[in-house]
Colleague: 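One structure follows; several queries about it will come next.
First the proteins, then the strands, lettered A, B, ... as listed; each starts at 1. Excluded from the calculations below are hydrogen atoms, water molecules and symmetry mates; all remaining heavy atoms, backbone and side chain alike, are included.
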Amino acid sequence: MTAAERRAEDERIRKDFPLIAEGDFAYLDNSATSQKPSSVLAAVEDYYRRSNANPLRGLYKLSVDATDRYEAARKAAGDFIGADSGEIIFTRNATESLNLVSYSYAASHLKEGDEILVAISEHHSNMLPWQNAARLTGAVIRYIECDRDGSYNTESFRAQLTNKTKIVAMAQISNVIGRENDIKAFAREAHAAGAVFVCDGAQSAPHIPVDVKDLDVDFFAFSGHKMLAPMGIGVLYGKREILEDMPPFLYGGEMIEYVTLCGATYAEVPHKFEAGTVNDGGAIGLHAAIDYINSIGFEKIEERENYLTALAMNEMKKMPYVHIIGSDDPKEHHGIITFTVDGVHPHDIAAIMDSDGVYVRAGHHCAQPLLKFLRTMSTARASIAFYNNDSDILRFTESLSGLRRKMGYAE
Amino acid sequence: MQNNTFYNEILTEHNMNPYHKHELADADLSLEGVNPSCGDDIVLSLKVADGIITDGAYTGDGCAISQASADMMLDLVIGKPKDEALRLADIFVRMIKGTASEEEIEELEEASVLRDISHMPARVKCAVLGWHTMEQMFAGGQKTPLIPKEEKPEVCHM
């Protein structure tokens, strides 16, 4: 691809994102949340303008339309990860999805002495729900450690599995390291030991094609807002036979079949897990986001993100005082570049970059145990999306190269 | 976007070459101050005789703002009575909240360079860490909250 072709493609994509097209800044905090294309904003507005009614219970046309659009979004979310729509539960975000598994599945299936195996690189949202499940049931938690470059090997994984392991929790892509874990292989190991496999897909769903049937995971969680959809809509996939065997998570309206003063029978999966009025506008926004991603295609998304990540890492490697966490290979980062700068605290990095119009994250990235394991308290992170361009990256590396001087160092 | 005027020479100088960042033998008072959410972690030590702060030092890690602020605070309070130090700490905290007067802010000398932190809410706790630690120390407080320092256990019993 020539530089001119790439610039034309940049322009085509960036005009779809109002905040990117109009803002004078380099937005490099995409792992925290993505920007939203006009088509998503329009779909949400269109729903509230033309179809708004309480879905799933109305007996009039408007409510039936609202329900149809909600269920069409469920179908799209299922197709997006290779699942049947009946196995898709809408939640607020990946965190709520993982809490649903912990409160509903774990609390009803674990007993004292059982073990939950958690990858040490997990985001707090795939760690704390398991600590809570252990507290509720008397189960214990074991952690699988990664190598210094963030990779997990099958031997150390297998070594932590025992006949008491009932749940294994691991992200497909770590939000700090950016490396893709071989979920298919680890899920196979977990199943051989009799455990269910819970996969956090919050950082993978926006960047790589996911097929939950091929991975053979039992649960898969992701957030809409990290993949172009509005905040407040997320997805939990669960294998149907497991979902059917789980008690409800939240109790209330829209999840029941029949209620008496002493009890109730519950609606079928997935409605059993969607108590209360649902986020139809959010689901419709997610549907539009999936359509947009499909119109670009993951092949193109990965090509652009790999190109930009390589550009950034090449520039960063020229600065001896900058250290990148994880692999040397840009393709193993999925747009996530976590780094430190000698002598400059990450919060100072982010504040100085802010004054250069470069927006990055700094801190523990909700993964304190991992950073402690890697012997660093906090780091800075630039995370790239396909709508970033060369000038975003060069604005970032330019700011990075001036940091130490601004903090009083000679270079 | 020039909202980070606090990264000036005074601040970077105190961060790069802190005068008071060292161990203090025979300290009368010593207290750890921690911002768990961002990892700023200092130990403040003071020598106090007849109600006068005769010497002070700190050790620890954290961002430039937390470290330089503690260093500037010690510059200001060493040699002053305890009550005067607490009065200045109160002015500093109010400066960060945007409620101190110009006359008061002048009393803070170099520490007044942190006045613009009030526009960066996420960094307020960095700026006040040393000052709060001193206030807690004089109030006879314990460090809060603790960051657990233990090694990873084989399994975690909840």
Side-chain angles (χ1 to χ4, degrees), chain A residues 23-25 110 112-118 120 127-128 130-143 145 160 162 164 343-359 362-364 366 368-369 371-373 376-379 403-410, chain B residues 1-18 21 34-42 60-71 113-114 116-129 145-158:
Chain A
D24 178 23
F25 48 72
L110 294 186
E112 196 167 343
D114 283 346
E115 295 180 0
I116 307 170
L117 192 52
V118 181
I120 199 163
M127 187 175 279
L128 300 185
W130 308 117
Q131 291 185 5
N132 187 50
R135 212 174 278 122
L136 292 174
T137 61
V140 298
I141 294 187
R142 284 177 177 274
Y143 289 101
E145 294 185 348
Q160 291 288 356
T162 73
K164 291 179 177 169
V344 186
H345 190 281
H347 285 164
D348 300 320
I349 297 173
I352 291 173
M353 287 200 165
D354 172 33
S355 58
D356 292 336
V358 177
Y359 299 161
H364 50 61
C366 298
Q368 289 181 19
L371 293 185
K372 200 172 282 179
F373 176 70
T376 170
M377 270 312 278
S378 115
T379 57
L403 269 179
R404 277 174 53 89
R405 196 173 26 76
K406 285 183 186 162
M407 292 302 290
Y409 294 92
Chain B
M1 271 178 280
Q2 278 302 326
N3 54 356
N4 295 322
T5 51
F6 42 83
Y7 285 106
N8 51 38
E9 254 176 60
I10 295 174
L11 182 120
T12 55
E13 181 58 26
H14 277 281
N15 178 50
M16 296 278 290
N17 303 305
K21 189 168 185 171
V34 181
N35 284 328
S37 63
C38 61
D40 297 333
D41 187 347
I42 63 166
D61 299 299
C63 66
I65 294 171
S66 67
Q67 305 297 298
S69 184
D71 203 52
V113 301
L114 287 167
D116 288 332
I117 293 282
S118 55
H119 304 306
M120 290 289 285
R123 311 305 298 280
V124 163
K125 62 187 185 311
C126 314
V128 299
L129 179 62
L146 288 158
I147 289 187
K149 293 245 192 309
E150 86 275 19
E151 288 301 303
K152 187 181 85 72
E154 183 63 17
V155 296
C156 298
H157 294 267
M158 288 298 149

Colleague: Can you check whether B:Ala64's main-chain N or O pairs, donor with acceptor, with A:Asp348's side chain at less than 3.5 Å?
Modeller: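 Flag set: sc A:Asp348 to bb B:Ala64 pair under 3.5 Å.
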Colleague: Does NZ in B:Lys21 sit with more than 12 non-hydrogen atoms of other residues, nucleotides or ligands closer than 6.0 Å?
Modeller: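 Check passes, neighbour count above 12.
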Colleague: Would the distance check show the side chain of B:Arg123 and the main-chain N or O of A:His347 forming a donor-acceptor pair, the cut-off being under 3.5 Å?
Modeller: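 Yes; judged by distance alone, with no hydrogens or angles, the pair exists.
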Colleague: Could you tell me the separation between the OH atom of B:Tyr7 and the NZ atom of A:Lys406, rounded to the nearest 0.5 Å?
Modeller: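 NZ of A:Lys406 is found 11.0 Å from OH of B:Tyr7.
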Colleague: Does the pair B:Met16 and A:Tyr409 meet the rule for a side chain to side chain contact (heavy atoms under 4.5 Å, CB included), with working shown?
Modeller: CA-CA 8 Å; B:Met16 296 278 290; A:Tyr409 294 92; 3.2 Å; yes
Colleague: Run the numbers on B:Asp40 and A:His345 for side chain to side chain contact (heavy atoms under 4.5 Å, CB included), then give the verdict.
Modeller: CA-CA 10 Å; B:Asp40 297 333; A:His345 190 281; 4.0 Å; yes
